[in-house]
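Notes follow once the structure below has been shown.
All values below were derived from every heavy atom in this structure, side-chain atoms included, with hydrogens, water molecules and symmetry-related copies excluded. Everything quoted here is computed from the prediction, not taken from an experiment.
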Amino acid sequence: MRKAALHNLGCKVNSYETEAMTQLLEKCGYEIVDFTEKADVYIVNTCSVTNMADRKSRQMLHKAKAKNPESVVVATGCYVQTATEKMKEDLSIDIIVGNNKKKDIVQILDSYFEKKENVHVIDINHTEEYEDLEISTVTEHTRAHMKIQDGCNNFCSYCIIPYARGRIRSRKLVNIKKEMVRLAESGFSEVVLTGINLGFYEDEDKRLIDVIEMADEVGGIERIRLGSIDPEIITEEFVNRLQNVKKICPHFHLSLQSGCDSVLKSMNRHYTTKEYLEKCKMLRQAFGNPAITTDIIVGFPGESKSDFETTLEFAQTIRFAQLHVFKYSRRNGTVAADMPNQIEEKEKTKRSEVLIQAGLELTKNYRKSFIGQKESVLIEEIKKINGTEYYVGHTMNYIEVAIESKEDVSGKVIEVEIKDFINDEIMLATR
């Protein structure tokens with residue numbers, strides 16, 4: 001029995017694919033061990049969203065070979081797609097697997113062991129078919145992330161992902177339902193729908209809203225949560241249908257990137273701040289006080305101090321429940337990499353710190369608005385906070401809540417009343 005160790009870098013889509021490869025290997029007789037242990041096969045599912053992600057990917061590949069020089073090191077994921085020639089020259093790497101070939105990992109390894117020669121399987125930009133990876137269980141006990149879409153056609157000027165993931169392609173609705181039923185039967189209460197560009201899901205005449213409505217009918221699934229979506233998907237028809245979905249979580253990660261129209265145009269984002277604001281109003285009209293969270297990039301080429309101040313003001317106007325702030329990372333092969341007026345790292349850091357602080361205040365204000373309200377919480381784990389053990393989980397709108405309970409409520413959805421903050425991240429609640 002060969003031992004295999006897998007390491008994941010990057011997004012929830014990567015996590016899902018790593019889990020799926022793990023289960024394929026287990027099914028074919030591999031013993032799965034921790035990445036820190038000695039193994040016969042090391043698989044690193046790489047990320048390339050930033051230069052730092054590239055560096056971490058290289059480090060993990062080299063670390064694997066150093067741990068066992070006789071091992072087979074497999075590189076897969078987005079960094080593989082964006083730096084293929086570097087990968088082929090790297091003596092630490094024995095097998096290179098493209099993003100659309102992860103489902104063939106067992107056969108690729110079999111071929112390597114038979115021929116004992118390096119294998120390179122890369123053809124992401126020539127695929128139009130969705131790669132049908134699937135899972136039957138996940139390492140989390142209550143929440144399952146489920147990939148239903150891959151690829152992106154947007155070509156935002158700062159982003160390497162369309163080159164790493166290829167064009168948009170989607171999973172068959174019938175296959176999504178089968179996996180969802182299996183996950184429900186395995187005891188998972190919440191499903192998070194994920195994809196590289198989730199809002200552009202399309203299976204013949206079916207769209208994302210059809211997937212959500214299907215999931216609403218699956219017994220055992222109590223919550224449906226959406227991964228990141230672009231503002232364009234928020235239409236009156238989408239929202240009208242969505243508010244009739246009983247299990248939908250009112251938590252919308254609505255990608256922004258900048259609160260300044262001139263910067264959005266340079267980024268090749270296809271909406272204005274006025275349009276974005278209207279989308280948020282539509283969601284609030286339908287769901288009351290939903291959690292609207294977002295990503296914002298600071299220090300994009302040509303972003304003036306005035307542009308940054310405009311973004312800061314816009315974030316406060318929207319009243320986000322949470323901000324994910326990123327400093328612009330120059331990516332070779334993208335349009336933005338060659339733009340003039342690149343911002344100095346020191347200035348990017350300064351702007352990032354200002355926006356992060358503003359985001360923390362917005363998060364605190366959002367959570368404070370729920371004090372005294374009754375909410376349902378999915379209990380996920382037990383945590384010791386200030387010396388006391390609590391059952392901890394998340395509300396539908398993703399507020400982390402802790403309760404004391406003599407009864408074991410692990411994995412259950414329970415009704416609580418939110419009382420106050422325990423710390424900056426978690427709120428206290430009672431049953």
Side-chain angles (χ1 to χ4, degrees), residues 1-10 13-48 54 57-139 147 150-151 164-166 169 171 175 179:
M1 181 184 286
R2 291 191 175 103
K3 293 182 178 180
L6 295 90
H7 184 80
N8 186 72
L9 293 155
V13 170
N14 256 19
S15 297
Y16 177 93
E17 292 168 347
T18 301
E19 195 79 55
M21 286 190 290
T22 300
Q23 291 178 27
L24 284 171
L25 290 164
E26 280 183 311
K27 195 180 292 184
C28 291
Y30 283 82
E31 179 188 350
I32 305 301
V33 299
D34 192 87
F35 201 80
T36 59
E37 296 181 32
K38 188 174 182 180
D40 302 298
V41 176
Y42 291 97
I43 300 173
V44 180
N45 199 3
T46 64
C47 177
S48 191
D54 285 355
S57 297
R58 290 193 299 271
Q59 287 172 349
M60 293 312 299
L61 289 160
H62 295 159
K63 189 178 289 187
K65 186 59 92 174
K67 198 174 298 296
N68 180 10
E70 301 303 313
S71 67
V72 178
V73 174
V74 182
T76 187
C78 291
Y79 183 51
V80 164
Q81 298 289 164
T82 60
T84 305
E85 294 309 312
K86 283 184 183 178
M87 296 277 101
K88 289 179 179 178
E89 295 169 4
D90 195 324
L91 298 178
S92 296
I93 301 166
D94 303 293
I95 301 176
I96 298 172
V97 179
N99 261 332
N100 62 321
K101 294 295 181 180
K102 293 173 184 174
K103 70 180 186 303
D104 301 323
I105 187 64
V106 174
Q107 293 90 328
I108 291 169
L109 282 167
D110 286 347
S111 176
Y112 176 87
F113 286 121
E114 182 183 334
K115 299 176 182 177
K116 293 292 183 182
E117 59 185 38
N118 288 17
V119 180
H120 303 147
V121 188
I122 300 283
D123 67 349
I124 190 71
N125 292 320
H126 304 290
T127 185
E128 296 179 0
E129 295 297 317
Y130 181 85
E131 180 190 32
D132 254 326
L133 278 165
E134 58 183 38
I135 60 174
S136 56
T137 185
V138 291
T139 49
K147 177 189 168 190
D150 207 340
R165 284 279 175 177
R169 51 207 186 275
R171 191 173 183 180
N175 293 341
E179 182 171 318

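- In this structure a side-chain-to-backbone donor-acceptor pair under 3.5 Å is missing from S57 to T46.
- A salt bridge is defined here as a Lys NZ or Arg NE, NH1 or NH2 lying under 4.0 Å from an Asp or Glu carboxylate O, and K86 with E89 fails to meet this definition.
- Using the six-membered ring where Trp is involved, F35 and H7 have ring planes that are tilted, between 30° and 60° apart.
- Shown here is K65, whose NZ atom has more than 12 heavy atoms of other residues, nucleotides or ligands within 6.0 Å.
- At a cut-off of 3.5 Å, with distance as the only test, a side-chain donor of S48 or D54 sits close to an acceptor on the other residue.
- Heavy atoms only, all atoms of each residue included: V97 and V80 are closest at O-CG1, 3.9 Å.
- Other residues, nucleotides and ligands contribute only 12 or fewer heavy atoms inside 6.0 Å of the CD atom of E70.
- Judged by distance alone, the side chain of S92 and the main-chain N or O of L61 form no donor-acceptor pair under 3.5 Å.
- Within 6.0 Å of NZ on K63 lie no more than 12 heavy atoms contributed by other residues, nucleotides or ligands.
- Side-chain atoms of S71 never come within 3.5 Å of backbone atoms of V41 as a donor-acceptor pair (strictly under, hydrogens ignored).
- The backbone N or O of N14 sits less than 3.5 Å from a side-chain atom of N45, completing a donor-acceptor pair.
- In terms of modelled atom types and a separation under 3.5 Å, the side chain of T22 and the main chain of T18 share a donor-acceptor contact.
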